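These numbers come from the heavy atoms of this one structure, side chains and all, not from hydrogens, waters or symmetry mates. Remember, it's a predicted structure, so these values are computed and weren't measured experimentally.
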2 protein chains.
Amino acid sequence: MDHSGRLRRLQAALDDHKLDWLLVTHLPNIRYLCGFTGSAGALLIGERGATFFTDGRYVTQARAEVVGARIVIARKAPALAAAEFLAASPIRAASARLGLEPQSVTVGMREQLAAVLKRKWKLVSAPPLIERARMVKDKEEIRRIGEAIRLGASLFRIARKKIRPGVKEVEVAAAMEYEARRAGAEGMSFSTIIAAGKRSAVVHGRASDARIPRRGFVVCDFGVILAGYCSDRTRTVHVGRPSSDARQIYEAVLEAQLAAIASVGPRATAADVDTAARKVLRKHHLARYFTHSTGHGLGLEIHEAPRLAAGQTQELQPGMVITIEPGAYIPGKQGVRIEDVVVVTPAGCEVLTPTEKELIVI
Amino acid sequence: MDHSGRLRRLQAALDDHKLDWLLVTHLPNIRYLCGFTGSAGALLIGERGATFFTDGRYVTQARAEVVGARIVIARKAPALAAAEFLAASPIRAASARLGLEPQSVTVGMREQLAAVLKRKWKLVSAPPLIERARMVKDKEEIRRIGEAIRLGASLFRIARKKIRPGVKEVEVAAAMEYEARRAGAEGMSFSTIIAAGKRSAVVHGRASDARIPRRGFVVCDFGVILAGYCSDRTRTVHVGRPSSDARQIYEAVLEAQLAAIASVGPRATAADVDTAARKVLRKHHLARYFTHSTGHGLGLEIHEAPRLAAGQTQELQPGMVITIEPGAYIPGKQGVRIEDVVVVTPAGCEVLTPTEKELIVI
């Protein structure tokens, strides 16, 4: 990973945003910039260097992982330790500006930082510089995401075998998660969704104790974290003979998904892709049953920028990795979602998720 | 669960803290107060009632779960929807005070809330009223934690069977996690730690691809989430014949753990329990290898108040459920941790974690 390049580019951008220092507290951003994978850390970045703060639990791990920053082991919250370090540093001008990550720093932490830093320091909300950089993945990142996706794909084969009437949703999830761990996944990227029968209409139907009925859809939405990078994928299968209604919904969602994929490219905005999916579902009178956005970026986190939803003006760029996952959910009846991960290319996009999307009947 | 009682007591306390409304955004606090288990929500509490905001994904789930609050399905972030609801509400006085949870609301969200609410509203950091209430568990909560602990205990049997020289740490973790899911756990309370050989000295040694060596400690630290409540437990076993050094460290940590447990009771502070463990390790010249705190509360979250560490003046009270987990870690060599969960009783405490703690040699 090009940690030093990422850090250097960020340092070069500080001045443009009138920041003397930037305090990075969002853990995936810390990992992105310096490689640390633990659960407690703060990375303080100035024009002339970076210092990483963690606590006593991570002495060995920090020394093994951190690239491009000095390491300080602190006896208090890492962000507070960073503030004390700053408070003891000389300031060139009458006052200095410290950028905070507004989506990561809590109101309580800000109060504590302000108490340590006193008046000479102005705490300001920094723009999402790191999130913007993270939107566009480099080759090594795309390779890792691809590996996570291939592992994820192998889990769907297990789901297909396990899904039978009478089997508990959670047993399907357990078998998939077991295989993921054995294959080296650090964990699942989110709580595995196995939602069968009427529960297929529950958008976030985490695998439950409910048993798979004799007839109906089973939404399988799952992902793994492998070497830090997430995969995400949804397939919906049908147990028993599908009704013509069920077939129609499935075909409509698939058509919407393919239309959305076809719309992806460097000239499209995030909203355009969402519109492409919604337009197809409207044609099939299913638009009002599509109650979430069409997709999201993924990488070190399962949900990253950009967000593919109405009003999102972000232009797509080669190297962005996004999910395309329209769905339709008829409350109390049935639901379908189909999701792939694609990488934006100069010509359009490449679908990273393998295997076909025709309706599988079990 | 006594959701309505919890909400009522909180409502009654608002006036004492000069709050007209309290916006609850920390998801475990929302679950505690109204039962909602999803991942997007905000609970707005006033003297006269409570309103719960969530988004379109959770229509069905909110209706099934939420107790004691009106439900509003919003098209934007739930906290912002709550602010708009407030902005449209009549204010009795010239200004009104809205309490925010300072450990949950980010600087960015606060800026957005302030923009919606304009000047008539004063946004203030509320004291941790809900965290304080959650420290003392009721009978039903202690019962649920007990069930999570019993499920956790059954997983250690699997670890004992799986731990053999040459087996990957992650295979041990995978087998335990599979059984946890099959037995109905919603998930693990944290990333399972299986740290073998030299890695036993890594305090947060998440199960890795490393193989268990022929000789050395294996730290097993794991927990499940069952019906919303967490368990947490550490046992350290030894593969192959332990050296006299290894035995001494193990016995010292066990002695420290038993001393800490003996110190727990309604007259002790959180710091007293930490001191009790540290005193024993000092006697054995191991105090500097004990690099974390002695324990923490647990319940809906794996880490809750109180924190058992130096300087923590919180007095223990009957009904508090806490971990007792001293350890000693010799960098690059070996480490030991032993952890139980106890509930504070009027007379002292009751250990909820079953099974013995003598050194198991595999």
Task: Within 6.0 Å of CZ in A:Arg307, more than 12 heavy atoms from elsewhere - done: no
Open item on the list: So A:Thr37 and B:Arg206, do their side chains get closer than 4.5 Å, heavy atoms only?
Closed with: yes
Task: Between A:Val170, A:Thr291, A:Leu123, A:Asp55, the one whose heavy-atom pairs under 4.5 Å with chain B are most numerous - done: A:Val170
Open item on the list: Given heavy-atom pairs under 4.5 angstrom as the criterion, report whether the side chain, backbone, both or neither of B:Glu179 touches chain A.
Closed with: neither
Task: Contact leader toward chain A among B:Thr60, B:Val202, B:Val59, B:Val105, where contacts are heavy-atom pairs under 4.5 Å - done: B:Val105
Task: Between A:Met109, A:Arg75, A:Gln103, A:Lys168, the one whose heavy-atom pairs under 4.5 Å with chain B are most numerous - done: A:Gln103
Open item on the list: Can you give me the closest heavy-atom contact between B:Ser125 and A:Val107, atom names plus distance?
Closed with: OG-CG1, 3.5 Å
Open item on the list: Give me the atom names and distance for the closest heavy-atom approach of B:Ala174 to A:Arg181.
Closed with: CB-CB, 3.4 Å
Task: Greatest number of heavy atom pairs closer than 4.5 Å to chain A - which of B:Gly332, B:Gly108, B:Gly184, B:Gly187 - done: B:Gly108
Open item on the list: Under a 4.5 Å cutoff for heavy-atom pairs, which residue among B:Arg110, B:His292, B:Glu177, B:Glu171 has the most contacts with chain A?
Closed with: B:Glu177
Open item on the list: Strictly distance-based, threshold 3.5 Å: is any side-chain N or O of A:Thr106 a donor or acceptor partner for the main-chain N or O of B:Pro102?
Closed with: yes
Open item on the list: Given heavy-atom pairs under 4.5 angstrom as the criterion, report whether the side chain, backbone, both or neither of B:Thr192 touches chain A.
Closed with: both
Task: Heavy atoms from other residues, nucleotides or ligands near CZ of B:Arg164 exceed 12 (cutoff 6.0 Å) - done: yes
- [ ] Please look at B:Arg182 and chain A and tell me whether the side chain, the backbone, both or neither of the residue comes under 4.5 angstrom of a heavy atom of that chain.
- [x] both
Task: Distance-minimising heavy-atom pair for A:His204 and B:Gln61 - done: O-OE1, 4.5 Å
- [ ] Please flag which part of B:Tyr58 lies under 4.5 Å from any non-hydrogen atom of chain A: side chain, backbone, both or neither.
- [x] side chain
